[in-house]
Amino acid sequence: MAVIKVPVSKLSKAKRDDDSKQSCAREEDRSNEWDNACAICDDGGDFICCEGGCLRSFHPTKKYGEDSMCTTLGLTEEWWQTLQSNEQEKYICKNCEYKQHQCFACGLLGSSGLTSGSEVIQCKDKMCGYFYHPKCVAELVHPDSKAQAIFFEKRVALGLTFHCPLHRCSLCKEAENRDDKDMQLAVCRRCPTAYHRKCLPSDISFEKDGKEGTQQRAWDNVLPDQILIYCMKHKIDKDLRTPKRDHIVFPDDRPLSEPSRSSQPPETGCDQVKAIDSFAPRHLFPHPQPGSCGWIDD
Ligand SMILES: [Zn+2]
Ligand SMILES: [Zn+2]
Ligand SMILES: [Zn+2]
Ligand SMILES: [Zn+2]
Ligand SMILES: [Zn+2]
Ligand SMILES: [Zn+2]
């Protein structure tokens with residue numbers, strides 16, 4: 001069973017304290033391949049990690065989500081205890097169980113289990129668990145050339161592997177270098193947008209409650225050698241201090257959202273799940289077409 005323990009809830013701490021010194025050492029195993037922030041609330045803490053291949057970590061029970069107002073997976077205490085105490089027990093999330101993953105560009109679910117003909121395909125980067133429709137990733141990689149995008153999409157659909165846009169700076173287009181602080185990437189948690197630290201737009205601020213009511217959008221010390229950001233495409237919820245949390249869709253489930261804020265009827269079936277407005281601009285993806293998309297770079 002994979003449990004990551006990050007001793008201090010870092011994002012909450014960063015949100016609560018003006019004291020910028022980090023009291024917590026990075027005690028977690030740096031070699032672990034799972035995400036160091038909860039997929040739902042983007043905060044640190046104790047996680048349960050999906051062993052189905054999506055590389056996501058989740059706050060397991062309500063108790064672990066209290067600090068960050070996380071809806072969590074809502075596991076029962078008994079199940080959580082069993083998972084922790086039994087090495088043989090594995091947690092597999094619903095997306096991995098049903099091989100239905102969301103495209104990180106358009107937010108829609110697509111089948112991911114087939115060796116050929118998958119609707120969404122996972123980025124080849126070993127640390128990156130995100131999936132994309134070939135068409136969605138192609139449009140992101142070749143925004144200025146429809147012909148190149150179509151060619152790229154076809155190659156991805158035929159099995160060409162690709163690095164997704166989160167591994168290059170969207171401003172200067174150069175790759176990341178985790179050993180050079182300026183060249184570390186700030187990666188958006190809600191869409192495939194990344195910037196070098198040196199290229200980070202000034203409105204994506206590390207400061208809490210800056211002048212003119214600007215809200216904090218960037219955090220150091222949550223992700224190893226990367227900066228966690230919410231890019232300017234996403235509105236920050238004042239109470240949550242993150243964008244609204246409707247970005248995770250499990251198959252046969254409805255978008256996870258704050259219970260008190262949920263005003264929409266439950267969605268059923270993956271083809272009824274709406275595109276999520278906090279993802280990349282909708283005009284880029286008017287008609288996401290599972291199975292006909294793609295993006296490759298090498
Ligand atoms: Zn969480
Ligand atoms: Zn999973
Ligand atoms: Zn898509
Ligand atoms: Zn990637
Ligand atoms: Zn750059
Ligand atoms: Zn974004």
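Both ligands and their constituent atoms are indexed starting at 1 by order of listing. Just the heavy atoms: all of them, side chains too, but no hydrogens, waters or symmetry mates, feed the values below.
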Self-check item: Step-by-step side-chain hydrogen bond (donor to acceptor under 3.5 Å, both in side chains) determination, Y230 to D42
Solution: CA-CA 10 Å; Y230 303 114; D42 307 313; 2.6 Å; yes
Exercise. Please step through salt bridge (Lys or Arg N to Asp or Glu O under 4.0 Å) for the pair D35 and R189, ending with a clear verdict.
Key: CA-CA 11 Å; D35 193 359; R189 296 287 289 185; 2.9 Å; yes
Quiz item: Is the Zn ion (ligand 4) under 2.8 Å from any N, O or S atom of C164?
Solution: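 Given the 2.8 Å cut-off, C164 counts as a ligand of the Zn ion (ligand 4).
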Practice problem: Using only heavy-atom distances, determine whether the side chains of K233 and T193 contain a donor-acceptor pair under 3.5 Å. | Solution: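 Per modelled atom types, K233 and T193 side chains form a pair under 3.5 Å.
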Quiz prompt | Metal site angle (apex the Zn ion (ligand 1)), SG from C70 and SG from C38, 10 degrees | solution =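 C70 SG and C38 SG form an angle of 120° at the Zn ion (ligand 1).
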Quiz prompt | H59, N/O/S atom nearest the Zn ion (ligand 1) | solution =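 H59's closest N, O or S atom to the Zn ion (ligand 1) is named ND1.
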Self-check item: Electrostatic pair R197:D225 at N-O distance under 4.0 angstrom
Solution: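 Salt bridge absent between R197 and D225.
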Exercise. Quick one: the SG of C96, the Zn ion (ligand 2), SG of C54 angle, rounded to 10°, please.
Key: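 If I round to 10°, I get 110°.
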